[in-house]
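Below, chains carry the letters A, B, ... as their sequence lines are ordered, and counting in each starts from 1.
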There are 2 protein chains.
Amino acid sequence: MAALKYSRQRESIKEYLASTTSHPTADAVYLHVREEFPHISLGTVYRNLNLLADMGEVIKITTPHGGDRFDGVTKPHYHVLCTECGEIIDLNMDIVHSINEQAEKCFDGSIHSHTTLFYGTCRECLKKKKSI
Amino acid sequence: MAALKYSRQRESIKEYLASTTSHPTADAVYLHVREEFPHISLGTVYRNLNLLADMGEVIKITTPHGGDRFDGVTKPHYHVLCTECGEIIDLNMDIVHSINEQAEKCFDGSIHSHTTLFYGTCRECLKKKKSI
DNA sequence: ATTCGTGCAAAGTTTTTGCAGTCAC
DNA sequence: GTGACTGCAAAAACTTTGCACGAAT
């Protein structure tokens with residue numbers, strides 16, 4: 001077990017994720033943190049994002065297109081992917097734990113948890129579609 | 001709109017996916033189809049998998065680790081990812097459409113659908129864990 | 001002093017794409 | 001004959017990793 005040491009870079013990454021709801025990709029995090037640490041490398045960003053995700057201080061969201069995205073909100077919650085603009089939006093909705101039990105009835109084994117990604121159209125994009 | 005033409009390679013890929021429940025990666029499909037078409041290229045496999053997925057004749061499953069996986073069962077259904085062995089297993093459970101409506105109440109926009117991936121331990125791996 | 005973290009660059013993995021030839025219609 | 005599909009190879013996109021130096025304890 002390696003002891004964890006403080007690093008400003010890691011702290012900056014954590015702060016950025018805590019301050020935004022944009023669910024940035026690793027590259028977006030890199031571009032942002034680079035404003036504070038112009039010499040930070042993408043490798044360091046990836047290392048820290050994975051480290052934070054492993055410690056549960058950050059959530060890694062796997063999406064169908066493009067790379068993984070990161071979320072500073074660690075309380076379990078669902079996301080919506082807008083199929084028009086590709087944005088990922090937090091859903092302020094309680095996790096439906098009951099479907100784990102429902103699933104376990106249909107599965108030869110045990111179920112611990114689940115992730116759900118909703119597909120929809122955000123308000124911005126609904127507006128645009130109407131105005132066409 | 002390009003007219004679709006028959007191709008044996010595409011047919012073989014489709015047949016393979018219809019015949020297995022193993023949710024192979026693109027590479028695994030490639031390795032299998034290569035037995036019938038030794039000169040098929042990985043590029044062709046990817047092109048056809050994407051084509052079939054776009055037409056809805058095959059489902060692309062995005063998973064946290066490794067590449068995407070493909071499923072010949074087009075009827076909407078959930079999957080379980082065994083966190084021990086990494087296998088993806090079909091869940092014979094009805095889609096809970098009601099959570100789309102639930103989600104829409106919490107979202108400023110419209111929700112069309114959702115995908116859910118359950119995390120669990122399959123029977124095989126439960127056995128192994130017990131015997132340790 | 002020791003151990004972990006960083007920057008850099010190289011390499012790894014997965015997926016897409018350009019092109020010339022081939023096959024289906 | 002035309003347009004789609006193929007194999008091949010190169011490239012793109014994303015992520016990880018080895019190494020020597022610097023920072024934290």
A:Leu49 and A:Lys60, any side-chain heavy atoms less than 4.5 Å apart: no
Euclidean distance, atom CG of residue B:Leu4 to atom C1' of C:dC23 [Å, nearest integer]: 14 Å
Just wondering, do B:Val80 and B:Cys122 contact through their side chains at under 4.5 Å, heavy atoms? no
Would you say D:dA4 has OP1 or OP2 under 4.0 Å from some side-chain N or O of B:Ser7? no
note: B:Glu36, atom CD; D:dG7, atom P; distance rounded to Å ~ 12 Å
Does any non-hydrogen side-chain atom of A:Asp71 lie less than 4.5 Å from one of A:Asp90? yes
Heavy-atom contacts, protein to nucleotides 12-17 of chain C, under 4.0 Å, summarised as B (base), S (sugar-phosphate only) or - (none) per nt, yield --SBBB
Kindly indicate whether the side chain of A:Lys5 and the base of D:dA24 share any N or O donor-acceptor pair separated by less than 3.5 Å? yes
Distance in angstrom units between B:Met55 CE and D:dC5 C1', rounded: 13 Å
Length of the line joining A:Ile13:CD1 and C:dG5:C1', which is rounded to integer Å: 11 Å
Specify whether B:Phe118 and B:Tyr78 have parallel, tilted or perpendicular ring planes, treating 30° as the upper limit for parallel and 60° as the lower limit for perpendicular. perpendicular
Any residue of residues 81-89 of chain A with a heavy atom less than 4.0 Å from an atom of DNA chain C: none
Separation of D:dG22 atom P from A:Phe37 atom CZ, nearest Å, is 17 Å
Can you measure A:Arg34 atom CZ to C:dC8 atom C1' for me and round it to whole angstrom units? 14 Å
Greater than 12 external heavy atoms within 6.0 Å of B:Asn92's CG: no
Are the ring centres of A:Tyr16 and A:His32 closer than 6.0 Å? yes
Separation of atom NE2 in A:His39 from atom C1' in D:dA23, rounded to whole Å: 16 Å
To the nearest angstrom, the CZ-P distance between A:Arg10 and D:dA24 comes to 11 Å
Identify whether the distance between the nearest side-chain nitrogen and carboxylate oxygen of B:Lys128 and B:Glu84 falls below 4.0 Å. no
Between A:Pro38 and A:Leu51, just flag the one whose closest nucleotide in DNA chain C comes earlier from the 5' side. A:Leu51
Could you tell me whether A:Tyr119 and A:His79 have their ring centroids closer than 6.0 angstrom? no
Is B:Gln9 near enough to C:dC23 that one of its side-chain N or O atoms lies under 4.0 angstrom from OP1 or OP2? no
Test item: A:Leu4 and A:Met55 side chains (from C-beta on) under 4.5 Å apart, heavy atoms: yes
